[in-house]
Trainee: 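Here it is, the structure, as structure tokens.
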Amino acid sequence: MRLYINVDHVATVRQARRTDEPDPVRVAVLAELGGADGITVHLREDRRHIQDRDVDLLIRSARTPINLELAVTEGILELAEDWRPHQATLVPEKRQEVTTEGGLDLSDSAATDIGQALDRLHAVGVRTSLFIDPDPEVVRRSADLGPTAVELHTGEYSNAADARAVREQLTRLEAATVLARELGLAVHAGHGLTYENVGPVAAIDGCEELNIGHSIVSRSVFVGMERAVREMKALIDRARGD
Ligand code: PXP
């Protein structure tokens with residue numbers, strides 16, 4: 001199980017003052033020292049946190065692979081083609097949202113643009129992933145478009161109100177993982193995962209990558225990024241029986 005650390009929220013603090021600290025690129029080095037397997041950044045169209053300079057520097061300096069989250073918009077796609085990160089995860093994006101709210105819309109009208117974006121990314125050698133809700137129909141539609149992987153949205157699992165709802169959401173995630181694997185897709189998961197709720201998701205057989213940001217960046221304020229990552233890695237390893 002790979003753990004990718006999303007450092008967007010380090011940039012959020014920097015952008016609150018439009019200054020040069022804290023620098024997500026420097027924090028990424030600490031995450032790597034703590035055992036991160038990769039670094040995730042979301043370059044949003046409105047540039048509210050991560051800036052072009054951050055992605056550019058990360059791609060040139062990180063010791064681990066970069067997962068670039070992006071919406072299917074021409075300007076950002078062109079940048080991704082230029083940067084050629086290890087991996088690109090296509091995500092939905094709305095200007096007003098606080099964070100990515102749901103998985104990609106893969107209805108017929110949207111799927112054409114997503115399929116073309118995947119083709120362009122594959123043409124420059126980028127591994128691709130689609131951020132989707134853990135629903136069988138959406139998993140099937142994803143497979144038709146031919147990405148390398150799907151990232152299952154764990155938001156509903158994370159927000160589940162009681163034990164029964166948690167169990168239901170976990171079952172959805174497990175079933176979506178089995179189906180995606182049967183259809184030849186690699187499976188990632190993320191959104192809203194914390195030190196408290198990561199275990200059962202980390203234990204899902206067939207899931208090979210977690211993307212976690214907010215909870216780890218929050219904990220790093222108290223214990224530093226290196227230790228925050230190390231603690232999360234330990235929880236994941238324990239859940240998988242490693
Ligand atoms: N995966 C995707 C596709 C996301 O958009 C985000 C949030 O930027 C995450 C994972 C990480 O979510 P969180 O910050 O809640 O851990």
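For ligands, and for the atoms within them, numbers begin at 1 and follow the listed sequence. Values below: every heavy atom of this structure, side chains too, minus hydrogens, waters and symmetry copies.
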Trainee: Decide whether an N or O pair under 3.5 Å exists between S215 and ligand 1.
Mentor: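 Checking ligand 1 against S215, no N or O pair falls under 3.5 Å apart.
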Trainee: Inspect the surroundings of CZ in R240 and state if more than 12 heavy atoms from other residues, nucleotides or ligands are less than 6.0 Å away.
Mentor: yes
Trainee: N/O to N/O below 3.5 Å, does that happen between G190 and ligand 1?
Mentor: no
Trainee: Please determine if H42 has a nitrogen or oxygen closer than 3.5 Å to a nitrogen or oxygen of ligand 1.
Mentor: no
Trainee: Which atoms of ligand 1 are found less than 4.0 Å from any heavy atom of V91?
Mentor: 3 (C)
Trainee: When you measure from the side chain of E209 to the backbone N and O of C207, does any donor-acceptor pair fall under 3.5 Å?
Mentor: no
Trainee: What I want to know is whether I212 and ligand 1 share at least one N or O pair that is separated by under 3.5 angstrom.
Mentor: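 Between I212 and ligand 1, no N or O pair is found under 3.5 Å apart.
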Trainee: Look at the side chain of D135 and the backbone N and O of E137, then say whether any donor-acceptor pair between them is shorter than 3.5 Å.
Mentor: no
Trainee: If you count heavy atoms of other groups shown closer than 6.0 angstrom to NE2 of H122, is the number above 12?
Mentor: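 Yes.
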Trainee: Which of the numbered atoms in ligand 1 are below 4.0 angstrom from a heavy atom of H214?
Mentor: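 Listed by number with element: 13 (P), 14 (O), 16 (O).
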Trainee: Compute the minimum heavy-atom distance from T89 to ligand 1 and say whether it is under 4.0 Å.
Mentor: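 The answer is no, since T89 has no heavy atom less than 4.0 Å from ligand 1.
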Trainee: Can you name the atoms of ligand 1, numbered from 1 with element, that are less than 4.0 Å from a heavy atom of E151?
Mentor: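 Answer for ligand 1: 1 (N), 2 (C), 3 (C), 10 (C).
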Trainee: Identify whether NZ of Lys or CZ of Arg in R219 sits under 6.0 Å from the centre of the six-membered ring of Y195 and within 45° of that ring's axis.
Mentor: yes
Trainee: Give the atom numbers and elements of ligand 1 that come within less than 4.0 Å of a heavy atom of N211.
Mentor: 10 (C), 11 (C)
Trainee: Relative to the heavy atoms of G192, which atoms of ligand 1 are at a distance of less than 4.0 Å?
Mentor: 12 (O), 13 (P), 15 (O), 16 (O)
